[in-house]
Colleague: 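One structure follows; several queries about it will come next.
Just so we're on the same page: letters track the sequence lines, and every chain starts at 1.
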There are 2 protein chains.
Amino acid sequence: MALKIEMLRSFCVVAQTGSLAEAADRLGRSQSAVSMTLKQLEAHLGKPLFAGERKNRLSQLGEQVFELAARQVRQFDETVQSIEAVASADQGLIRIVSVPSVAALIFPQVLAHMTRRFPGLKIELRDTDSQQVLDALVEGKADLGIASGRHALNGITAQPLFRDRFGLVCATQHPLNRQARPPTIDDVVTESFLHNALCDMIETLRFRQAIESADITIHNTHSLIAMIRTGHWVSVLPETVAQFLPGATAFRPISDLPDRRDVYLYIRENARFRDETQDCAGFILSPAFKWPA
Amino acid sequence: MALKIEMLRSFCVVAQTGSLAEAADRLGRSQSAVSMTLKQLEAHLGKPLFAGERKNRLSQLGEQVFELAARQVRQFDETVQSIEAVASADQGLIRIVSVPSVAALIFPQVLAHMTRRFPGLKIELRDTDSQQVLDALVEGKADLGIASGRHALNGITAQPLFRDRFGLVCATQHPLNRQARPPTIDDVVTESFLHNALCDMIETLRFRQAIESADITIHNTHSLIAMIRTGHWVSVLPETVAQFLPGATAFRPISDLPDRRDVYLYIRENARFRDETQDCAGFILSPAFKWPA
DNA sequence: AACAAAACTTCAGGAAAACTGAAACGTGGC
DNA sequence: GCCACGTTTCAGTTTTCCTGAAGTTTTGTT
């Protein structure tokens, strides 16, 4: 039998949960159904996907297939969502994909403006990393995108949104915030430095070398903030992100770190609701748009 | 009912062929089956996907959905291929993705070397544009990639392969090849200039401005060559690509076009057949590898 | 070592789905 | 009005998918 998406999905859930029963529960079917599906998949591939007697350890092949299958399932679900969104919108639909830091910043205003201007308009917002933002645009899954860096893409125009300098983020009572002298890279990148995804955009060689030794990486911004608020840890973030942090944290420029991050707005040229999309882009780019500065 | 990949596939084929009968034929099922599937899909979305009585014109929504669905179906098929390839290979499997121009250059040698070194090894080669090469690597669909430009990717190492200057490509008897003085941008970018995808990698401003006015773009290299051989047309390509062209064409540097293209070899770090992949990469990078220079 | 619990597989039957050929339908051309 | 063409609907069949119950194997406990 041909490979089907539902087979891959079943396999992925079993691989994730490590148990048939648990997976069957999540998938909303009986154990036996899942068992049979899995057997079908293995029969199709001609090799076992699991190692050992139980389903809690993947074979070498299983690992590989899992990586591919998980991605495919996620991809498929996204497409389905997108198709359904496109179909259910007759008053108009704008799909925005953005890097998380900026998404939180702009969304409230965008929502307020657009719903007032176009009653009945649907807006969909998703956030991921810059790379996936661009992918979503190229694949026609989004009408507007916000990402770091300028990239030339077919059928998509790029507009500079703002620049953002990188700096120290720490608790307000942290010594590095209290000292008069602005901090340097060496001050900041110590044992208590937290590495995060945005750090990788910094090109200053001195800094790149320094963070080589950083042991802890935190991808999720919320967790990062929680750590920083304890007062023990510090990190480096773009100013706009830092300003969005709650009370007890501070942002300071780093004297020998000149890096900026350039954020661009990407506009899909042949969006279905061209006018609405253009209007939305125009609003974000207009002086009327207030950045929480 | 839930959206299924086969529904999307049916829709895509009908949209492409513009006829139920033809599509049913291609899909290997009866007309009525396809008709019902389509009706299901439309029912699910709540709106018609086609305009007019016949299936030969898509509605506005249909266009949108087609774009998304076509991409998804292609994506899915690729994943299935990849999964099956991974499963069927027990002697080892290396999946190489490359930009077309380089693929043709390296593949014969790579194949010869690897099959000798690892009998029973399977090799899979696919070619697409640079962007998709990188995507395939990130998505775990490829072990080795060859693409233009250096990009930092997680879990993937980049090695410079070669640099390539851009220059004029024309028929040997073309005036621009016969004249003693090396051609300039202005000589080359005239009415008979053909724009191609690789041109977009050139950064020299003068050239970028000049090709703005180019009316004809040819993406497929074979077609491009066919045009150039007529003697009426010229284009600009990297030297390595140009040298691969058949007899009656010539390559000449352009005096005021200093651009180079940097080609990198990307190696996925945790490929399943790590040793074979590393060996293959090592071979391509070694001095033993003879570039058809 | 014996027993019980847990984890999974197998099986038979039944529900849902997908498919087919035949007939019906609708539109445009003559 | 009637035919040709492309599509839809229908009824019946085949295929696929799922479930509950019973069976098997492994794991843990006393």
Side-chain angles (χ1 to χ4, degrees), chain A residues 1-59 61-63 65-66 69 72-73 76-77 80 84, chain B residues 1-59 61-62 65-66 69 72-73 76-77 80:
Chain A
M1 187 197 302
L3 235 46
K4 294 205 198 69
I5 248 326
E6 291 310 317
M7 285 174 156
L8 299 184
R9 190 192 306 281
S10 295
F11 168 63
C12 287
V13 176
V14 174
Q16 280 165 339
T17 60
S19 140
L20 249 198
E22 172 68 17
D25 196 44
R26 273 211 221 173
L27 291 165
R29 26 205 65 130
S30 67
Q31 261 192 50
S32 53
V34 179
S35 172
M36 286 164 118
T37 306
L38 238 50
K39 218 177 66 149
Q40 251 184 109
L41 182 56
E42 286 185 331
H44 182 94
L45 300 180
K47 303 223 183 69
L49 290 164
F50 294 89
E53 293 305 321
R54 298 295 162 90
K55 300 285 181 227
N56 51 11
R57 242 185 63 233
L58 290 170
S59 69
L61 171 62
E63 300 266 11
V65 174
F66 176 63
Q72 181 59 62
V73 170
F76 177 76
D77 290 345
V80 169
E84 286 173 347
Chain B
M1 185 197 304
L3 234 47
K4 296 207 196 69
I5 220 76
E6 290 310 318
M7 284 174 155
L8 299 184
R9 191 193 305 281
S10 296
F11 168 62
C12 287
V13 176
V14 175
Q16 280 165 339
T17 59
S19 141
L20 251 198
E22 172 67 16
D25 196 44
R26 273 212 221 171
L27 291 164
R29 24 208 63 132
S30 68
Q31 266 191 41
S32 51
V34 179
S35 172
M36 285 163 120
T37 306
L38 238 51
K39 218 176 65 148
Q40 252 184 111
L41 182 57
E42 286 185 330
H44 183 96
L45 300 180
K47 304 223 181 72
L49 290 163
F50 295 88
E53 292 304 320
R54 299 294 160 88
K55 300 286 181 222
N56 50 13
R57 244 185 61 233
L58 290 170
S59 70
L61 171 62
V65 174
F66 176 63
Q72 183 57 63
V73 170
F76 178 77
D77 290 344
V80 169

Colleague: Roughly how far, to the nearest 0.5 Å, is the CG atom of B:Leu41 from the CE atom of B:Met36?
Modeller: 14.5 Å

Colleague: What is the separation between atom CD on A:Glu22 and atom C1' on C:dA6, rounded to the nearest whole Å?
Modeller: 14 Å

Colleague: Between C:dC8 atom P and A:Asp25 atom CG, what is the distance in whole Å?
Modeller: 13 Å

Colleague: Of all the nucleotides listed (C:dC11, C:dA17, D:dT8), which has the minimum atom distance to the side chain of A:Met36?
Modeller: C:dC11

Colleague: Does OP1 or OP2 of D:dG6 have a side-chain N or O of B:Arg54 closer than 4.0 Å?
Modeller: no

Colleague: Any base atoms under 4.0 Å from B:Ala21, or only sugar-phosphate, or nothing? Heavy atoms, all strands.
Modeller: sugar-phosphate

Colleague: Could you give me the CA-CA distance, side-chain angles and deciding distance for A:Val34 and A:Arg29, then say whether side-chain contact (heavy atoms from CB on, under 4.5 Å) is met?
Modeller: CA-CA 7 Å; A:Val34 179; A:Arg29 26 205 65 130; 4.2 Å; yes

Colleague: Are a donor atom and an acceptor atom from the side chains of A:Ser32 and A:Ser30 found within less than 3.5 Å of each other?
Modeller: yes

Colleague: Could you state the CZ-P distance from B:Arg57 to D:dG6, rounded to the nearest angstrom?
Modeller: 18 Å

Colleague: 5'-most contact on DNA chain D: A:Ser32 or A:Met7, nearest heavy atom basis?
Modeller: A:Met7

Colleague: Between C1' on C:dA5 and CD on A:Gln31, what's the gap in Å once rounded to a whole number?
Modeller: 13 Å

Colleague: Nearest whole angstrom, please: distance from the C1' of C:dT10 to the CG of A:Leu20.
Modeller: 13 Å

Colleague: Using atom CG of B:Leu41 as one end and atom P of D:dT7 as the other, report the distance to the nearest whole Å.
Modeller: 16 Å

Colleague: What nucleotide among C:dT20, C:dA18, D:dT19 has an atom nearest to a side-chain atom of A:Ser30?
Modeller: D:dT19

Colleague: Between D:dC17 and A:Gln40, is there an OP1 or OP2 to side-chain N/O distance shorter than 4.0 Å?
Modeller: yes

Colleague: Any side-chain N or O of A:Lys39 below 4.0 angstrom from OP1/OP2 of C:dT10?
Modeller: yes

Colleague: Taking the six-membered ring for Trp, is the centroid-to-centroid distance between A:Phe50 and A:Phe11 below 6.0 Å?
Modeller: yes

Colleague: Counting side-chain heavy atoms from C-beta on, which of D:dT16, C:dT9, C:dA18 comes nearest to A:Ser35?
Modeller: C:dT9

Colleague: Quick one, B:Glu6 and B:Thr37 - any side-chain contact, counting heavy atoms below 4.5 Å?
Modeller: no

Colleague: What is the distance, rounded to the nearest whole Å, between atom CZ of B:Arg29 and atom C1' of D:dT7?
Modeller: 19 Å

Colleague: Quick one: which of C:dT9, D:dT7, D:dC10 gets closest to the side chain of A:Lys55?
Modeller: C:dT9

Colleague: Ignoring backbone atoms, establish whether A:Ser19 has a side-chain N or O less than 4.0 Å from OP1 or OP2 of C:dC8.
Modeller: yes

Colleague: Let me know the distance between NZ of B:Lys4 and C1' of C:dC19, rounded to the nearest Å.
Modeller: 13 Å

